[in-house]
Structure formats: structure tokens, C-alpha cells
Amino acid sequence: NKAQKSVQLKSEALNDLALFFAHTEEVDGAYRYYRSKISDEETHKQMAKLAKIYNGQGKHNFEVAVYKLLIEKEPYAEKAPSHQSAIVRAFASLNQKDLVRENILRLIEQYRPGSPWYIYQEQNKRKNAIGKAYDLTENALRELVTEYHQDAQKTKDVLTYELARDIYKQYIDFFPESEHVYRMRFFYAEIVFHLGDYEIASKEYDRVVKHDVNGAYTKTAAYAAILAHEKIVSGVKKEKKEGKIGTESKNKKGNLGKI
């Protein structure tokens, strides 16, 4: 019927517009145009669609600009955590480690329990949004740190190890009750040891052992804790590592535990 055809034509026109704005790279202009023609809710949807197009085109700086604009315009939106998570991913694609670190912290701080966003969702009885934000943040950190850890093991790059270390620390601090925290703490200890911070490594390995005496990583952690303690007793609490890290003797004939 005419009504269905009209809706279809409108949808097609909006899709064409998204492609047009992706080509012109006019983020603010796209937002202004949509706001003048369609509702705020539809504007949000179309801008999110534009961000996904930029992502597919590898234009991650423009993708970030769209998501930042959406968060700025609607800071309490249910999808705000998802947008912030997408920003983290975009900076990861751009290999901008400092901005990845900065925006992971923002993801945690802005949507954690007690944050203005969290309180707003509670006041408006949006329990589902709170649960989704928790799961999204937990998954985002766990998946991202796994990728960085694997990359660090391949490249031996100290900066990549340090970024993975920082994300592991944020994870175990903010998700202490997660079912994955035992594994995450073990790999945090592995990286800290590999970076030469034996005092912290010793404590973290001990926590792994106490967490689950029969766990998959417990025997390795117990042995590594002894090695870390021996370093401390010998007067080496910390060794500064720079550039590339070679394979160091630690467990199973010197290989750092593979993630």
C-alpha cells in the first residue's frame, strides 16, 4: 500500500544520505541535517549507521567523531556505553595506544556503579541497560587485553606489554567477582613478571594460588611466585625493560605462559 511504499522510500533515502555523508566526511553537517528533518531518536539511529559505515571504510577518526558527538548530545542514552566501547575499538584499529588506554578508563569511569549515567538508569528503572553496560565493558576489556597480550608475545614490544598490563589491572580492579578474574589475574602476573616488576608479580601469583588451589594455572603461579621471590631476595625488586623483550627463563623451560 501507499503507506508501506512511503516508509520504504524514506528508508532508502536515509540510507543514501548516510552514504553521501560518509563520502563528504561531514559529521557535524550530517547531524544538523538529520535533526532538521527527522526525530531525535531517528537522528541517533542514522548517525550510528554513519559511524558503522566509517568503520567499514577504515575511516576510524570519523567513526570516533560520530560516537563522541552522540555521547555529547545524549550522555545518558542507553547506548552510550556501546558508543564508548566502539571508540576504544576505533583507537585500537588506529594503533593509538595512549588513546586506547585513556578511553578504556573513560569507559569504566563513566558507566560504573555510582556514575551519573548509572544513577540516571537506576532512577529511570533501566536495569536492563545497567546489566548490558556491565557485560559490554567486561567483555570489551577481556577481549581487547587478550588481543594486546597475544600481539605483545609475537612482537616482544614493551609498550604493547605495558598496555596489556594496564588493561589487566583495570579488569581485576573493576571486575573482582567475574568468573574470568582468576585467569586474568594470572596473565596480569605473567606480564608484570615479564616486565621486571617482581614485587608486584610475587603478590599477584600468590593471589592466583589462593583463589583456586586446584586451578589450571595454580602450579605455574606457585613456581613463578618462588622465582619472583628469589629475585626480590637477591635485591632485584624491579628491572626496567625497554624496546623489545626476549624470551626469559621463567616457567616450562623459559617460555612465558601463552594466552
Side-chain angles (χ1 to χ4, degrees), residues 22 25 27-28 30-31 44-45 47-121 126 129-152 155 157-176 178 180-181 184-185 187-188 191-192 195 259:
E25 300 175 349
V27 173
D28 290 332
Y31 182 80
H44 198 106
K45 287 180 181 179
M47 291 300 292
K49 187 180 294 183
L50 178 59
K52 288 178 181 178
I53 293 173
Y54 282 137
N55 176 277
Q57 294 176 339
K59 297 179 178 178
H60 298 295
N61 282 322
F62 290 102
E63 179 190 3
V64 167
V66 172
Y67 285 127
K68 281 187 173 181
L69 179 65
L70 290 177
I71 293 172
E72 177 190 338
K73 298 296 182 182
E74 297 185 56
Y76 300 112
E78 290 187 40
K79 290 194 173 181
S82 178
H83 297 335
Q84 181 60 33
S85 179
I87 289 172
V88 172
R89 277 285 173 190
F91 282 128
S93 296
L94 292 167
N95 197 30
Q96 297 187 9
K97 292 182 174 66
D98 287 343
L99 289 172
V100 169
R101 184 183 282 107
E102 176 186 320
N103 281 277
I104 282 176
L105 189 57
R106 186 169 291 142
L107 174 64
I108 293 169
E109 289 292 336
Q110 287 186 337
Y111 308 109
R112 63 175 174 76
S115 69
W117 181 90
Y118 187 97
I119 292 169
Y120 181 87
Q121 308 310 312
R126 294 177 177 174
I130 292 171
K132 281 183 178 179
Y134 177 93
D135 291 342
L136 182 144
T137 305
E138 189 273 333
N139 281 322
L141 264 67
R142 182 160 43 84
E143 291 174 4
L144 195 64
V145 76
T146 298
E147 291 173 16
Y148 275 121
H149 195 165
Q150 289 173 339
D151 186 48
T155 64
D157 179 60
V158 169
L159 292 178
T160 306
Y161 270 120
E162 288 177 342
L163 178 57
R165 173 201 63 196
D166 294 345
I167 301 174
Y168 275 125
K169 182 66 166 62
Q170 289 166 347
Y171 184 96
I172 62 180
D173 283 349
F174 283 91
F175 301 101
S178 164
H180 304 285
V181 75
M184 300 292 276
R185 188 182 296 281
F187 283 113
Y188 171 60
I191 283 187
V192 171
L195 288 171
I259 188 165

- Find the distance between CD1 (I104) and CD (Q170) and round it off to the nearest 0.5 Å. 6.0 Å
- Note on the structure: Correct closest heavy-atom pair for L70 and A48 would be CD1-N, 4.0 Å
- Message: For a 4.5 angstrom cut-off between non-hydrogen side-chain atoms, does R89 reach L144?
- Response: yes
- Note on the structure: All heavy atoms of V64 vs all of A90, minimum pair found to be CG2-CB, 3.5 Å
- Message: Just verifying a value: how many Å separate R112 CZ and I130 CD1, rounded to the nearest 0.5 Å?
- Response: 13.5 Å
- Message: Any heavy-atom pair between the side chains of I108 and L141 that's under 4.5 Å?
- Response: yes
- Item | Side chain proximity check, Q57 to I53, heavy atoms < 4.5 angstrom | yes
- Item | Ion pair D135/K132, N-O distance below 4.0 Å | no
- Do you know the tightest heavy-atom contact between P81 and L107? O-CD1, 3.6 Å
- Shortest non-hydrogen separation from S82 to L136 and the atoms involved: CA-CD1, 3.6 Å
- Given side-chain contact (heavy atoms from CB on, under 4.5 Å), test E109 with F174 step by step and report yes or no. CA-CA 10 Å; E109 289 292 336; F174 283 91; 3.8 Å; yes
- Query: A80 and I71: which non-hydrogen atoms are nearest, and at how many Å?
  - Reply: O-CD1, 4.0 Å
- Query: Can you check whether D98 reaches R101 side chain to side chain, under 4.5 Å on heavy atoms?
  - Reply: yes
- Centroid separation Y134 to F175 less than 6.0 Å: yes
- Rounded to the nearest 0.5 angstrom, the NE2-CD1 distance for H180 and I172 is 15.0 Å
- All heavy atoms of A30 vs all of L50, minimum pair found to be CB-CD2, 3.9 Å
- Message: Tell me if the aromatic rings of W117 and Y76 count as close, with their centers under 6.0 Å from one another.
- Response: no
- Message: Rounded to the nearest 0.5 Å, what separates atom NZ in K169 from atom CZ in R185?
- Response: 8.5 Å
- Query: In terms of side-chain geometry, is the basic nitrogen of E63 or K68 positioned less than 4.0 Å from the acidic oxygen of its partner?
  - Reply: no
- Answer whether the closest heavy-atom distance between the side chains of Q84 and Y111 falls below 4.5 Å. yes
- Message: Whether the side chain of N103 engages the backbone of R106 through a donor-acceptor N/O pair (distance < 3.5 Å, no angle test) should be reported.
- Response: no
- When rounded to the nearest 0.5 Å, the distance separating CD of E147 from CD1 of I167 is 9.5 Å
- Query: Does the salt bridge (charged side-chain N to carboxylate O under 4.0 Å, His left out) test come out yes or no for E102 and K97, once each step is laid out?
  - Reply: CA-CA 9 Å; E102 176 186 320; K97 292 182 174 66; over 6 Å; no
- Query: Would the F91 and H60 ring centres measure less than 6.0 Å apart?
  - Reply: no
- Name the orientation class of the two ring planes belonging to Y168 and Y188 (parallel below 30°, tilted from 30 to 60°, perpendicular beyond 60°). tilted
- Task: Evaluate the side-chain contact (heavy atoms from CB on, under 4.5 Å) criterion for residues I191 and E162: first the C-alpha distance (whole Å), next the side-chain angles of each, then the deciding distance (0.1 Å), finally the verdict.
- Result: CA-CA 8 Å; I191 283 187; E162 288 177 342; over 6 Å; no
- Query: For the atom pair OH (Y67) and CD1 (I87), what is the distance rounded to the nearest 0.5 Å?
  - Reply: 9.0 Å
- Query: Please walk me through it: do V27 and Y54 pass side-chain contact (heavy atoms from CB on, under 4.5 Å)?
  - Reply: CA-CA 11 Å; V27 173; Y54 282 137; 4.1 Å; yes
- Does the side chain of V100 reach to within under 4.5 Å of the side chain of Y148, using non-hydrogen atoms? yes
- Close side-chain approach of E138 to Y171, heavy-atom, < 4.5 Å: yes
- Query: Are the side chain of S115 and the backbone N or O of Q110 linked by a donor-acceptor pair below 3.5 Å?
  - Reply: yes
- Can you find a heavy atom in the side chain of T137 that is under 4.5 Å from one in the side chain of S85? no
